[in-house]
Amino acid sequence: KIKNIISRQRLKTLGQLSEDSLANMWNKIGVLVSLAPVEAYGRVIREAFVSGVPVWVSKSSGALDLISVANSKGIKLLDLSHSDKALLKEFESLLVVKSDYKLRRKLVEENNGLSILLVNSWLKLIKH
C-alpha cells in the first residue's frame, strides 16, 4: 500500500545497513517509514528521531513510548486501514516537520542509562 501512495522516485528500501552506513544515511532520509510488526524499544526509530528524521511507524510499544516522549512531534503511527489520500497527507505532513533540537537532546539524556539498566537486568537473571 505504501508503494501505491509514494512514488518510486521518493521511496527507497534500504534493508539492513551497517552502523556506519546508517550514520551516513540519516542526512539523506526525509522520513523513516518503519513497518516492523514488533518494536519493544524501537532503537532505529529513536536513532532517526534523534538524527532529526521524522518517523512514520507501525504501532508497537517502542513507537508508543517514543510518541509519549515526543508528544507526536515528528512521529506518526502508520495505519494502513486509512485511505490512500489520508496516508499521502500524513506522509507529506511529516516531510515538513521541523526538528526540535531540545526535544531530541532530552531524548538522548533520558535514554543514556537505559542500556546499562538492561544489561544489569540480564545479569540479575543469569545469577538466578
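Only a predicted model underlies this, so the values are computations on that prediction, with no experimental measurement involved.
The two residues G30 and P54 come nearest to each other via the heavy atoms O-CD, 3.2 Å.
Criterion: ILVMFWY side-chain heavy atoms under 4.5 Å apart, direct or through other members. Under it, I29 and V50 are part of a common hydrophobic cluster. I45 and W26 fall within the same hydrophobic cluster, where Ile, Leu, Val, Met, Phe, Trp and Tyr residues are linked whenever their side-chain heavy atoms come under 4.5 Å apart, directly or through other members. Grouping the Ile, Leu, Val, Met, Phe, Trp and Tyr side chains by contacts below 4.5 angstrom, directly or via other members, places L32 with L66. L77 and L35 fall into different hydrophobic clusters, where Ile, Leu, Val, Met, Phe, Trp and Tyr are joined by side-chain heavy atoms under 4.5 Å apart, directly or via other members. Connection of V44 to V31 is not established within any shared hydrophobic cluster, with ILVMFWY side chains joined at heavy-atom distances below 4.5 Å, either directly or through further cluster members.
Of the possible donor and acceptor atoms, none in the side chain of S21 sits under 3.5 Å from a partner among the backbone N and O of L17.
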Ignoring hydrogens and angles, write down the donor-acceptor pairs under 3.5 Å from the side chains of residues 86-97, residues two or more places apart or on other chains.
| unit_1 | atom_1 | unit_2 | atom_2 | d |
| --- | --- | --- | --- | --- |
| E90 | OE1 | W56 | NE1 | 3.1 |
| E90 | OE2 | H82 | ND1 | 3.3 |
| E92 | OE2 | R10 | NH1 | 2.9 |
| S93 | OG | E90 | O | 2.7 |

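Note: Q16 CD to L22 CG = 10.5 Å, rounded to the nearest 0.5 Å. Atom CG of L80 sits about 6.5 Å away from atom OG of S58, to the nearest 0.5 Å. Taken from CZ in R8 to OG1 in T13, the straight-line distance is 9.0 Å, to the nearest 0.5 Å.
Using a 4.5 Å cut-off on side-chain heavy atoms (C-beta onward), K28 and M25 make contact.
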**Asked** Can you check side-chain hydrogen bond (donor to acceptor under 3.5 Å, both in side chains) on D79 and S81, steps first, answer last?
**Response** CA-CA 5 Å; D79 185 346; S81 69; 2.6 Å; yes

